Amino acid sequence: MPEPSQAEVVLDRLLPPPRGPHRPSHQQIRPAGNTHANRSAPLPDADPARRSTGRPPATPDNVPEPAAGFTAGGVQARVRAAVSAYAYGEALPPTRELARELGAPYEHVRAALGALEAAGEVAIRGRVHRYRLSPQQLHPQDAGFDRAVRKAIASRQYAPGTALPVGLLSRRHGVPPLRIARACRRLIADRLVTRRTGHAGPGYYVTNSLSIAAQPAATRKEEGKNRV
């Protein structure tokens with residue numbers, strides 16, 4: 001067979017490959033570079049979970065759903081329902097015992113009890129002393145805060161419209177900043193304090209109701225019973 005001329009070689013390079021069922025050999029589609037490395041190296045897997053487990057990556061269709069009631073909100077609702085079965089002032093079971101009764105993780109139950117304490121529904125004093133609070137009952141940690149504000153309002157130290165110095169009061173009476181709303185709930189219920197945006201910004205402001213400021217909440221509750 002005669003050797004191809006120079007012109008035939010040039011035309012063969014310039015013309016596109018013929019169309020049809022012909023498939024190029026592996027020599028024609030081999031990538032440039034180190035061909036030995038290209039043949040031996042496996043294709044990288046972008047998902048490390050798939051490399052370690054051999055399972056396909058999680059997608060919105062195959063992500064497992066959490067167990068019913070084990071979400072944060074679900075556990076808190078179950079803990080609240082369990083606490084409501086106890087009378088006001090009655091001792092509550094330890095956290096681990098409550099977690100076993102509910103079949104819920106210990107950490108979730110502990111967080112739920114912390115949220116209920118922040119809302120003023122339970123009181124937790126130490127590791128063993130915990131009980132349910134009534135809606136009219138102050139948390140023991142808030143008693144000094146409540147008493148000081150009532151006294152200051154009755155003596156006109158805090159005039160109507162004054163913004164409560166909650167930072168100073170929280171440090172003085174041992175109320176954490178995240179528990180200020182709980183400490184003020186009885187003051188708000190007695191219309192001595194309101195939460196609004198005023199001249200000092202959002203906060204707690206003294207109202208104009210001074211008639212019951214000097215009376216502790218327990219005294220007013222007892223007087224209400226006597227009138228009935």
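Remember, it's a predicted structure, so these values are computed and weren't measured experimentally. What's counted below: heavy atoms across the whole structure, side chains too, no hydrogens, waters or symmetry copies.
One finds the CZ atom of Arg100 at 11.5 Å from the CG atom of Leu102 (value rounded to the nearest 0.5 Å). Note that CG of Leu192 and SG of Cys184 are 10.5 Å apart. Values are rounded to the nearest 0.5 Å. One finds the CD1 atom of Ile180 at 9.0 Å from the CG atom of Leu164 (value rounded to the nearest 0.5 Å). Distance check: Lys151 NZ to Asp146 CG gives 13.5 Å after rounding to the nearest 0.5 Å. Once rounded to the nearest 0.5 Å, the distance linking CG of Leu113 with CG of Leu92 reads 7.5 Å. For the atom pair OH of Tyr204 and CD1 of Ile188, the computed distance is 5.5 Å after rounding to the nearest 0.5 Å.
The minimum heavy-atom distance between Pro140 and Ala123, with the atom names listed, is CD-CB, 3.9 Å. Residues Ala119 and Arg182 share a closest heavy-atom pair of C-CG, 4.4 Å. Nearest heavy-atom pair across Ser170 and Phe145 is N-CE1, 4.2 Å. Contact detail for Ala152 and Ser155: the closest heavy-atom pair is O-OG, 3.2 Å. Annotation for His199 and Ala163: closest pair NE2-N, 4.4 Å, computed over non-hydrogen atoms. Nearest heavy-atom pair, Tyr158 versus Pro165, reported as atom, atom and distance to 0.1 Å: OH-CG, 3.4 Å.
Looking at Tyr106, its side chain never comes within 3.5 Å of a backbone N or O of Glu97 through a donor-acceptor pair. Put simply, the side chain of Arg130 never gets that close to the backbone of Ala91: no donor and acceptor are under 3.5 Å apart. In terms of modelled atom types and a separation under 3.5 Å, the side chain of Thr207 and the main chain of Arg191 share a donor-acceptor contact. Between the side chain of His173 and the backbone N or O of Val175, no donor-acceptor pair lies under 3.5 Å. Under a 3.5 Å cut-off, the side chain of Glu121 and the backbone N or O of Arg80 do not form any donor-acceptor pair. The backbone N or O of Gly114 sits nowhere less than 3.5 Å from a side-chain atom of Glu117 that would complete a donor-acceptor pair. Of the possible donor and acceptor atoms, one in the side chain of Glu90 sits under 3.5 Å from a partner among the backbone N and O of Ala87.
The residues Asp142 and Arg179 are annotated as not salt-bridged, no charged nitrogen and carboxylate oxygen being separated by less than 4.0 angstrom.
Under a hydrophobic-cluster definition in which Ile, Leu, Val, Met, Phe, Trp and Tyr are linked whenever side-chain heavy atoms come within less than 4.5 Å, directly or via other members, Val149 and Tyr205 are assigned to different clusters.
Taking the ring axis of Tyr86 as reference, the NZ or CZ atom of Arg132 does not stay both within 45° of it and closer than 6.0 Å to the ring centre.
With a 4.5 Å cut-off on side-chain heavy atoms, Glu101 and Leu98 count as touching.
Cluster partners of Leu133 are Tyr131, counting Ile, Leu, Val, Met, Phe, Trp and Tyr whose side-chain heavy atoms approach within less than 4.5 Å, directly or via other members.
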Check against salt bridge (charged side-chain N to carboxylate O under 4.0 Å, His left out), Arg110 and Glu107 | CA-CA 5 Å; Arg110 187 177 69 171; Glu107 294 296 335; 2.8 Å; yes
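For the 3.5 Å distance criterion, the side chains of Arg125 and Gln141 fail to qualify, holding no donor opposite an acceptor.
Within 6.0 Å of the CZ atom in Arg196, the count of heavy atoms belonging to other residues, nucleotides or ligands exceeds 12.
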